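Comments concern the structure below.
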Amino acid sequence: MDLIRHWIDNKPVASEPERKGKVYDPATGEITAEVAFASVADVDLAVNSAKDAFVAWRDTSLTKRVKILFAFRELVDKHLDDLAKLLTSQHGKVINDARGEVQRGLEVIEFACGIPQLIKGDFSENVSTDVDSYSIRQPLGVVAGITPFNFPAMVPMWMYPIAIACGNTFVLKPSEKDPSTSQLAAEMLAEAGLPDGVFNVVHGDKVAVDGLLTHPDVAAISFVGSTPIARYIYETGTAHGKRVQALGGAKNHMVVLPDADMDLAADAAVSAGYGSAGERCMAISVVLAVGDAADTLLPKVQERIDDLTIAPGDTAGAEMGPLVTQAHLDRVLGYVDAGENEGATLVADGRGFSVEGYENGFFMGPTLFDNVRPDMSIYRDEIFGPVLSLVRTDSYADAVKLINDNQYGNGTAVFTNDGGAARKFQNEIQVGMVGINVPIPVPLAFYSFGGWKDSIFGSHAIYGPDGVHFYTRQKAIISRWPDPVHRGVDLGFPRYDN
Ligand code: NAD
């Protein structure tokens, strides 16, 4: 059986790991590979490799860094289908969605290729006689990324292309559930000419994560995952003196006003609720139907659910694949039981679903609840599966209050044909990313991605301009050249007259 190894100093680690994890094909339920779990010593090896590489990499010219990034961009583009296939085989998402994921990652690499422009400082000439004042942005050192299972190619790409472009060296700890795309990325970075030690991968669990969080030579941590772990990463990382950005979970609401285009809203609710089997941090989990909107919307949603093709991700025409693991499937099915017991109306029941020939796969059908109330667990918790809840609200104000009172603030959307209502929503909603007639408002690579409230810990969103700021620190310089004027000792603060 294949063993997925750590990648340190531009090569796979040769020694046998003491601990290993299992990697499944979610469509068949079979174990397809094993993955090495890092010990504290493995983490140390990776961080030391990154620390050694930093000395030369931080002084490598911007033009050289950009050449390597361009070469990497070409390789990712060339191997897009290989990455997508790997992703489907370990995550389960359908192949078109997997391709889309890699393309979104590619856009961040393309953004990072613009680093000479992005990293520019400011310069003010003659702030005083013969004195210039300027600022530069410098890399932090060794930075680490810890990433979730649901976007095994894209989320790491939110981090390392920009971190490396800024002159840092990187240690990635991808999800142990679908680790292979990181390995392929490491091989492509090496082929693109990235020097040894600039990009390293350690696989594993809490041992690896804690090793990074407490390592004295790790300057910063980027994390994307669930909220309890994000909070832990932020608290532990900052307590150890690191700069931390930790993006957490979500419970995204989509408001449908009575004047909305109901076909557009139904398409959006189904696409955003069941795409990638609901395993997206920007998935729509709750539809808030205002006034009588539900009466028109519900049958349209139902119709579309009935038409969905659920099949292994590599099957032609598949729209929704399996969930990532049996344990996750069981957890999601548990929420369907809970919703029924708590009194919500089960409109579409995804339990007991199986695909012929794939009876051991981690499949369930799309599930839809109507008449969901805010006190129910299916409303409160992030389910992260193909379960959509319809909540009926009397007014726009009630809908906004529900969203603003929610623990999470990752994404939200409003569907309406009233520009004034949309503008009011955009202004008063307490959420980081807002869609107007767009269900999944993920910012493009040249903006930054980040929620509010318990969906993020730390002051920097990820990628885009915030990414450059997160992976660099500013240095301010004041210089007097070339001919210092000898004015003698002056103990006062600089004044306007000098
Ligand atoms: P997770 O929090 O279980 O795992 C994320 C990472 O943390 C993995 O690398 C995992 O190995 C590690 N980890 C898990 N438990 C740990 C522990 N006790 N101590 C230290 N490290 C630990 O998340 P997941 O299940 O892989 O991913 C799904 C979650 O990620 C969802 O909550 C989803 O909303 C969130 N997510 C958020 C965003 C965002 O941008 N806000 C994007 C994608 C996913």
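Atoms within each ligand, like the ligands themselves, are counted from 1 in listed order. The residues of the chain are indexed from 1 along the displayed sequence. The structure displayed is predicted, hence computed values, not measured ones.
Salt bridge Glu382/Lys251: absent, no basic N to carboxylate O contact under 4.0 Å. With respect to Glu101 and Arg104, no salt bridge is recorded, no charged nitrogen being found less than 4.0 Å from a carboxylate O. Note on Asp267 versus Arg304: salt bridge recorded, some NZ/NE/NH1/NH2 to OD/OE distance being below 4.0 Å. Taking the charged nitrogens against the carboxylate oxygens, Glu428 and Lys401 have no contact shorter than 4.0 Å, which rules out a salt bridge.
Close N/O approach between Val224 and ligand 1 is not found [any backbone or side-chain N/O within under 3.5 Å]. Here's the thing with Thr227: none of its N/O atoms is less than 3.5 angstrom from an N/O atom of ligand 1. Inclusion of Asp205 in the set of residues having an N or O under 3.5 Å from an N or O of ligand 1 is not warranted. Any N or O atom pair closer than 3.5 Å counts here, and Gly225 shares at least one such pair with ligand 1. Between Lys177 and ligand 1, not a single N/O pair is under 3.5 Å apart.
Contacts of Glu176 with ligand 1, taken as heavy-atom pairs under 4.0 Å, involve the side chain alone. For Arg280, no heavy-atom contact with ligand 1 is shorter than 4.0 Å. Only the side chain of Trp158 comes within 4.0 Å of ligand 1, judged by heavy-atom distances.
Counting protein heavy atoms only, atom 22 (C) of ligand 1 is closest to Ile229 CG2, 3.7 Å.
Near Ile146, meaning under 4.0 Å from any of its heavy atoms, are these atoms of ligand 1: 6 (C), 7 (O), 9 (O). Those atoms of ligand 1 that come under 4.0 Å of a heavy atom in Asn150, given as number and element, are 43 (C), 44 (C). Set against the non-hydrogen atoms of Asn410, the atoms of ligand 1 under 4.0 Å away are 41 (N).
Nearest to atom 34 (O) of ligand 1 by heavy-atom distance, out of Met433, Glu382, His203, is Glu382.
Ring planes of Phe363 and Tyr358: perpendicular class, angle over 60° (limits at 30 and 60°). Ring geometry for Phe72 versus Tyr160: interplanar angle of 30 to 60°, hence tilted.
Distance check for atom 4 (O) of ligand 1: every protein heavy atom is found at 4.0 Å or beyond.
Within the 6.0 Å centre-distance limit, the rings of His91 and Phe149 are counted as a close aromatic pair.
Ligand 1 lies within reach of Gly248, whose nearest heavy atom is under 4.0 Å from it.
Remark: of the listed residues Val171, Ile233, Val209, Ile233 is the sole one forming a side chain to side chain contact (heavy atoms under 4.5 Å, CB included) with Ile221. Of the candidates Val347, Asp349, Val286, Ile378, Phe369 forms a side chain to side chain contact (heavy atoms under 4.5 Å, CB included) with just one, namely Ile378.
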